[in-house]
Amino acid sequence: MTELSKSESEIYSLRKEKEAAIRDSKIDSFPTYFENTTNASEILKLHSNLTDGEKTEISTSVRGRILSIRSFGKLTFMDLKDYSGKIQLVLSQEELSTELAQYIENYDVGDLVGVSGNIMKTKKGEISIKVTDSILLSKSLRNFPEKWHGLKDKETRFRQRYLDFIVNEDAIKTIQTRFQIIKLIREFMDSKHFIEVETPTLQPKAGGAIARPFTTHHNAMSIDMFLRIAPELYLKRLIIGGFEKVYEIGKVFRNEGIDMTHSPEFTMMESYQAYTNVNGVMDMVEEMCCYVFSKLNVNSEISYLDSKADFSFPWKRISMFDLVNNKFNLNIDFDSDINSILSSLEKNFGLTYSSKTIGLLVYELFENHIEKEIIDPTFVTDYPKEVSPFARESKEKQGITERFELFAFGSELANGFSELIDPEDQEQRLKEQAIKKSDGDDEAHVEDKDYIDALEYGLPPTGGLGFGIDRFVMMLTNNESIREVIAFPHLKPES
RNA sequence: GGGUCGCUAGCUCAAUUUGGCAGAGCAACGGACUCUUAAUCCGCAGGUUCGGGGUUCAAGUCCCCGGCGACCCA
């Protein structure tokens, strides 16, 4: 137990005394099981037609946490909260046995109790339970945050997330929506006959994305291992093995900074489907989001923070080259002369770039000047080969891949492509990454002979997708920070 | 990695500008109260001002070092 301050320990010992009084009472407390007949919101829903002041003989029992107590001496009101909502309890001392009345005197805000009683409506019109019996299920020994202002301090909210969930309805609602969304994504993928799989989280090589991994060590095998930065290369091995449609929802880990949109561990849905390509993947993403929106009753007009976006389908699909050309009034094509474009950018916009290739230049211009401005959901296509080591090169446009990233509200939501299936090409691309790595780029991809071996047995033409669950949830729950959509976001220990 | 701001009672916040007894509301505790729902009224108590050092007669306040957090930038 952490050390308590003086006022905290006073409350602690006081509540310990009340707990002892409860134990000393003839009423047998702290049962391991308490049967309820219904829950708070069900009661409110079923009895809204009562008239003010009406009392019924309908008996009910519920269980939950006491959120507040308003006492009038001989009449006491309490708010009881369970998973479904809140219900008011009315306790009239004259209608309870002396023993039970004394017993309930020992209840505090925060205690978990079971109650039985009859459903009624107060004179002021609040549906309540007139308590006839109650039992303490678990005692709270700590002082709760204030009921009106609640718990605001972000650090405390995330360090003691359970308190946040008890006190802040928005917090619990966000997490509920998160898991509902994940469930809906599963439903959709299952309906499309994808099978859900699990691939290694501990990997001897951290592959499938451009990111710095967390490192660990396996003692028995005596090798360093890495937490996965993506499940990609294993999922494609499953496609090689004959699974034609697979997906995985799980954590990936990237050893990078933490900010409003980045968490070192986050949740991705990755899917791979044989015999389709980048266009099929974009279609599927749209269909999947459509399913989620309709089940969540989300309007196609989505408000997020200060902006509004039109999520009606179909979503715009536009080449990164077109976006850049429109923005800078240029006419860059995959085979343009880089030097004349660099000088034109400098002359007309005062922008100094030293990109080595057309592809890298377009990519940098897009990242620096355009990405943040994309509000309506948009599939940006034609990613340069240099930044897409696993995507298949376009047949028509040299140096450009069949790849897209989906953006909305200035943030990346998804990434997908026609998978590179040629082992020689793949080997060459990873070699280029390895050179970057040896030049000091610790995010560059490692060579992976084992994966190349697998490709040599034949990967069918395949469309792959990575879909960022956390950011999707942020947009649908109107949360600015990724921490809000993660039940237990990481914080540095205090000491 | 750089910058700005913050950390005061269990919670939400004052007091920092100009160094001069560390305060309020809610929660708790004692009392009154049978229809409240931020209940009301009376009373009482609660502090390592994030930690360490320095300046000063005097530091929550100024200076230095450290911790944690928030935001902005790269």
Side-chain angles (χ1 to χ4, degrees), chain A residues 1-18 21 40 44 50-55 65-81 85-96 101 104-111 117 120-131 139-164 166-169 212 255-262 305 364 367-369 371-372 410 442-443 479-484 489-495:
Chain A
M1 194 170 80
T2 50
E3 211 163 307
L4 298 179
S5 71
K6 201 175 151 200
S7 70
E8 277 178 309
S9 64
E10 274 168 13
I11 284 162
Y12 189 91
S13 49
L14 203 81
R15 291 191 171 200
K16 269 294 197 191
E17 284 170 23
K18 290 187 186 177
L44 297 183
L50 294 177
T51 57
D52 291 358
E54 185 175 349
K55 292 179 177 142
R65 189 186 296 275
I66 297 172
L67 273 195
S68 62
I69 301 175
R70 297 176 293 282
S71 171
F72 286 76
K74 294 202 175 81
L75 183 71
T76 301
F77 299 94
M78 295 186 189
D79 290 331
L80 188 77
K81 184 193 178 193
K86 259 192 264 181
I87 183 76
Q88 178 170 267
L89 310 178
V90 179
L91 301 103
S92 168
Q93 220 175 74
E94 282 174 3
E95 292 170 55
L96 297 173
I104 289 172
E105 282 289 295
N106 292 302
Y107 284 6
D108 287 301
V109 168
D111 288 354
M120 61 168 284
K121 200 173 206 176
T122 63
K123 289 174 194 165
K124 293 284 169 66
E126 174 135 0
I127 296 163
S128 310
I129 297 171
K130 181 82 172 222
V131 175
K139 186 76 185 157
S140 169
L141 300 171
R142 296 284 202 113
N143 209 354
F144 269 66
E146 200 218 346
K147 62 194 162 191
W148 183 242
H149 295 96
L151 181 63
K152 283 186 176 165
D153 181 68
K154 284 189 188 178
E155 190 175 345
T156 314
R157 284 187 48 222
F158 293 135
R159 283 196 198 282
Q160 296 179 272
R161 201 73 203 278
Y162 44 90
L163 278 183
D164 191 30
I166 291 169
V167 171
N168 294 323
E169 210 160 321
R212 190 195 305 178
N255 203 341
E256 290 159 1
I258 297 177
D259 64 26
M260 303 271 274
T261 53
H262 295 85
L305 309 179
E364 284 169 34
E367 272 204 319
N368 295 336
H369 305 286
E371 182 179 318
K372 281 198 185 65
D442 52 12
E443 288 194 350
N479 275 299
E480 189 173 12
S481 167
I482 195 168
R483 289 171 186 254
E484 296 284 351
H490 291 290
L491 289 175
K492 221 169 158 177
E494 278 168 298
S495 53

**P-based separation of B:C72 from B:G60 [nearest Å]** = 33 Å

**Complete:** Of the candidates B:U37, B:G25, B:C71, the side chain of A:Gln88 sits closest to B:U37

**Message:** Say we look at B:U4 and B:C65: how far apart would their P atoms be, to the nearest angstrom?
**Reply:** 12 Å

**Item:** Side chain to side chain, A:Arg70 and A:Asp79, heavy atoms closer than 4.5 Å
**Value:** yes

**Request:** Could you check which of B:A28, B:A70, B:C13 has an atom nearest any side-chain atom of A:Leu14?
**Result:** B:A28

**Item:** Value in whole Å for how far the P atom of B:U34 lies from NZ of A:Lys74
**Value:** 5 Å

**Message:** When you measure only distances, ignoring hydrogens and angles, does the side chain of A:Glu126 come within 3.5 Å of the base of B:U37 through a donor and an acceptor?
**Reply:** yes

**Prompt:** Any side-chain heavy-atom pair from A:Ile66 and A:Leu80 closer than 4.5 angstrom?
**Reply:** yes

**Prompt:** For the side chain of A:Glu146, counting heavy atoms from C-beta on, which of B:U12, B:C35, B:A70 is nearest?
**Reply:** B:U12

**Item:** Same-atom distance (C1') from B:A27 to B:G66, integer angstrom
**Value:** 34 Å

**Item:** Nearest atoms (heavy-atom pairs only) where A:Ala101 meets A:Gln93
**Value:** CB-CG, 3.8 Å

**Item:** Salt-bridge present (A:Glu484, A:Arg157; N to O < 4.0 Å)
**Value:** yes

**Asked** B:A27 P sits how many Å from A:Leu67 CG, rounded?
**Response** 14 Å

**Message:** Need one value for A:Ser128: base, sugar-phosphate or nothing, where a base atom within 4.0 Å counts as base even if backbone is also close, heavy atoms only.
**Reply:** nothing

**Message:** Does A:Arg212, at its CZ atom, have more than 12 non-hydrogen atoms belonging to other residues, nucleotides or ligands within less than 6.0 Å?
**Reply:** no

**Request:** Using modelled atom types only, decide if a donor and an acceptor are shared between the side chain of A:Asn479 and the backbone of A:Ser481 within a distance under 3.5 Å.
**Result:** no

**Message:** Suppose you measure atom P in B:A38 against the same atom in B:A74; what distance do you get, rounded to whole Å?
**Reply:** 46 Å

**Item:** Approximate separation, where rounding is to 0.5 Å, of A:Lys55 NZ and A:Lys130 NZ
**Value:** 4.5 Å

**Item:** Distance between C1' atoms of B:C13 and B:U49 (Å, rounded)
**Value:** 14 Å

**Item:** Side chain proximity check, A:Arg161 to A:Pro489, heavy atoms < 4.5 angstrom
**Value:** yes

**Complete:** A correct dot-bracket answer for RNA chain B, with pairs being Watson-Crick or G-U at under 3.5 Å, [ ] for crossing pairs and | for inter-strand pairs, is (((((((..((((......[..))))..((((.......))))......(((((..]....)))))))))))).

**Separation between the P atoms of B:C64 and B:U17, rounded to whole Å** = 16 Å

**Message:** Measure CD/A:Glu480 against P/B:A70 and give the value in whole Å, please.
**Reply:** 12 Å

**Complete:** Result for 5'-nearest mapping on RNA chain B, choosing between A:Leu151 and A:His490, is A:Leu151

**Pairwise C1' distance, B:C62 and B:A24 [rounded to whole Å]** = 27 Å

**Asked** Closer than 4.0 Å, any side-chain N/O of A:Lys18 to the OP1 or OP2 of B:C29?
**Response** yes

**Request:** Pick base, sugar-phosphate or nothing for A:Gln93, based on heavy-atom distances below 4.0 Å to the nucleic acid.
**Result:** nothing

**Request:** Describe the nucleic acid contact of A:Gly53 in one word from base, sugar-phosphate, nothing, applying a heavy-atom distance below 4.0 Å.
**Result:** nothing

Measure all distances between protein nitrogen or oxygen atoms and nitrogen or oxygen atoms of nucleotides 41-47 of chain B, and list the pairs falling under 3.5 Å.
| unit_1 | atom_1 | unit_2 | atom_2 | d |
| --- | --- | --- | --- | --- |
| B:G46 | O2' | A:Ser7 | OG | 3.4 |

**Prompt:** Which pair of heavy atoms, one from A:Leu151 and one from A:Val167, lies closest together, and at what distance?
**Reply:** N-CG1, 3.8 Å

**Message:** Rounded to whole Å, please give me the gap between CH2 in A:Trp148 and P in B:C26.
**Reply:** 14 Å

**Request:** Please report, rounded to the nearest Å, how far the C1' atom of B:C11 is from the CZ atom of A:Arg157.
**Result:** 14 Å

**Message:** Less than 3.5 Å apart, any donor N or O on the side chain of A:Glu54 or A:Thr51 sitting next to an acceptor on the other?
**Reply:** yes

**Prompt:** Are the charged groups of A:Glu8 and A:Arg142 less than 4.0 angstrom apart, N to O?
**Reply:** yes

**Request:** Ignoring backbone atoms, establish whether A:Arg70 has a side-chain N or O less than 4.0 Å from OP1 or OP2 of B:C35.
**Result:** no

**Asked** A:Glu155 or A:Arg15: which one's nearest nucleotide on RNA chain B is closer to the 5' end?
**Response** A:Arg15

**Asked** To the nearest angstrom, how far is A:Tyr107 atom OH from B:A28 atom P?
**Response** 17 Å

**Asked** Within the structure, does a side-chain N or O atom of A:Lys492 lie under 4.0 Å from either OP1 or OP2 of B:C68?
**Response** yes

**Message:** Using whole Å, what does the distance between atom P of nucleotide B:G30 and atom CD of A:Glu105 come to?
**Reply:** 9 Å

**Message:** If I pick the C1' atom on B:G51 and the same atom on B:C68, what distance separates them, to the nearest angstrom?
**Reply:** 11 Å

**Message:** Counting only side-chain heavy atoms from C-beta out, which of B:C35, B:U12, B:A27 sits nearest to A:Phe77?
**Reply:** B:C35

**Contacts of A:Ser13 that satisfy side-chain contact (heavy atoms from CB on, under 4.5 Å) - sequence neighbours left out** = none

**Item:** Euclidean distance, atom CG of residue A:Leu163 to atom P of B:U12 [Å, nearest integer]
**Value:** 11 Å

